[in-house]
Amino acid sequence: MTQFAAADESAVARAQRELEAAGVRTVIGTVVNASGLTLAKSVPLARLKTFHEAGMGAAPVWHVFAIDGGIAFTDSITTVGDMRLRIDIAGLRVLPGGRAWAPASLFEQDGAVSPVCTRGLLGDVESSLEEAGYHALVGHELEFFLVAPDGSALENAPWVPYGATGLLDRADLLDDLLSALHQAGLPMEQIHAEYGRNQFEFSLPPAPPVQAADSVVLAKTIVGIVARAHSLQASFSPLPFAGMVGNGAHQHLSLHKDGVPLFSGGSGPHGIGAEGGAAIGGIIAGLPEIQGFLTGSVLSGSRLAPGSWSGAYLCWGLENREASVRFLDGGKSNPHGANVEVKIVDPSANVYLASAAILALALHGVRGGRQLPAEIPGDPGRLSDEERRRANVLLLADSPAAIIDTLDTSRLARGLLGEAIVDATVAVRRYEQRISADLPPDELAERFRLAWSI
Ligand code: GLU
Ligand code: MG
């Protein structure tokens, strides 16, 4: 696992000195589990070295804690055993209020990485890409709804989708968010009022996959701190309010080989190179099988309605917001360069696992020499059923049971990402389906509105 090098003595001591000078008293280390929940342990700053080296204890059931606080036991994950939660010193960041945060990985007692450590898994996928000569960057978008502390909707002030109104109404909160992200060394690219009432979105700059996923957890933590300071909460549910637009957690991906981009300068459509086309082909071919990692929760399917810009159609197209893979061309107006955006991901997904699954499919596509499928230039929702059939455009599954059943039986997912991680994901998501079977949509949305908040 390349992402978690043990820091030398002096690096830990230096970090401790710097944090002390910044007024930090407590260090929080987080992991994300199969339900997409962020779990944590914290230590006084003086215990930084121990948190990094020996780690803090975490029961194996951490992986399968469910969104209602219950536990989705599996044959291999029971009440017995212990793991170690060890923070990565390189990821330490200062939070407001005398706290620091660091991403953590999960280890077995003997020091081996736990097979269900999703941060470790993403590190492995990143290493596989590097070994094959590919350098990946991932850029995340975060959407959330501001709600009252108990999760209820804020009063109905006027709301203009993408309007300046929301930016001004919430100017103090957004300024504090910007400052806190800056203090944590996390540059925000932009923020805007989204389509939904009291919904906002900001984006983070592209970074190597593990670092980018760490930044999402850090950013969500900071959103939680700032929202609380303004007597609010932020909902990162895929569908906070039934019948409305949902929250996406879109991931932008670019690939380079020997410094040459795979998605531009080639001879395919929009300059996509052969290997870039194979990566896109791999993602599209495998997406239904790994969808349980991206949109697996009991609220994920209802967000995927056509027309809600969540990329529900299995196809790709230039700037096509209804395509699950939206292609963004490089050039003057896109300084980060050409990239593909996987739109179906939502914030109930484990961000490490979602990136790992997408990147593993891209690499699988390149290794298998896949062809770039035909581009779908318009909104597939405007085609007739017959036209869609001829163009080979499917609508992705929106039933939680079907999405998870497909993941459970997918040899591709199990082969690329491991049995343990598929089993844990299937266990927690089937548990969600059981506990919510009798809930009408509005009660379901309300009950789990804050489940994925930090
Ligand atoms: N909120 C939409 C989603 O659920 C995305 C809107 C947009 O294109 O940014 O993914
Ligand atoms: Mg958006």
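In each ligand, atom 1 is the first atom listed, and ligand 1 is the first ligand listed. All values below were derived from every heavy atom in this structure, side-chain atoms included, with hydrogens, water molecules and symmetry-related copies excluded.
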Please verify whether a non-hydrogen atom of Glu141 lies at under 4.0 Å from ligand 1. no
Keeping the roles fixed (side chain from Ser310, backbone from Arg303), state whether a donor-acceptor pair exists under 3.5 Å. yes
Should we say atom NE2 of His364 is surrounded by more than 12 heavy atoms from elsewhere, each under 6.0 Å from it? no
Around Gln371, counting heavy atoms of other residues, nucleotides and ligands shown, do more than 12 lie under 6.0 Å from its CD? no
Residue, atom name and distance, where the atom is the protein heavy atom closest to atom 1 (N) of ligand 1: Glu143 OE1, 2.8 Å
Return a yes/no value for Val245: is any of its N or O atoms, backbone included, closer than 3.5 angstrom to an N or O of ligand 1? no
Donor-acceptor under 3.5 Å (Arg367 side chain, Leu363 main chain): no
By number and element, which atoms of ligand 1 are closer than 4.0 Å to a non-hydrogen atom of Ser310? 10 (O)
Should you measure from each heavy atom of Gly248, which atoms of ligand 1 turn up under 4.0 Å away? 3 (C), 4 (O), 10 (O)
Taking heavy atoms and a distance under 4.0 Å, where does Asp346 meet ligand 1: side chain, backbone, both or neither? neither
Identify, by atom number and element, the atoms of ligand 1 in contact range of Glu201, meaning under 4.0 Å from any of its heavy atoms. 9 (O)
If you count the atoms of ligand 1 from 1 in the order shown, which ones are under 4.0 Å from a heavy atom of Lys343? 7 (C), 8 (O)
Considering both backbone and side-chain atoms of His250, is one of its nitrogen or oxygen atoms within less than 3.5 Å of a nitrogen or oxygen in ligand 1? yes
Can you report which non-hydrogen protein atom sits closest to atom 4 (O) of ligand 1, along with the distance? Arg303 NE, 2.7 Å
Identify which protein N/O/S atoms are less than 2.8 Å from the Mg ion (ligand 2). Glu143 OE2, Glu194 OE2, Glu201 OE1
Within the 3.5 Å criterion, strictly below it, is a donor on Thr38 or Thr30 matched to an acceptor on the partner's side chain? no
Asp214 (side chain) donor-acceptor with Gly91 (main chain) under 3.5 angstrom: no
Please say whether more than 12 non-hydrogen atoms of neighbouring residues, nucleotides or ligands are located less than 6.0 Å from CD in Glu155. no
Closer than 3.5 angstrom, by distance alone: can the side chain of Trp101 be matched with the main-chain N or O of Gly29 as a donor-acceptor pair? no
Numbered atoms of ligand 1 (with element) below 4.0 Å of Ser308, judged on heavy atoms: 2 (C)
Does Arg170 pair with Asp176 as a salt bridge, N-O distance under 4.0 Å? no
Any Asn247 heavy atom less than 4.0 Å from ligand 1: yes
Check whether more than 12 heavy atoms from other residues, nucleotides or ligands sit under 6.0 Å from atom NE2 of His336, and answer yes or no. yes
For residues Ser237 and Trp452, report the shortest heavy-atom separation together with the two atoms involved. CA-CE3, 3.8 Å
Going by atom types only, do Asp68 and Tyr431 share a side-chain donor-acceptor pair under 3.5 Å? yes
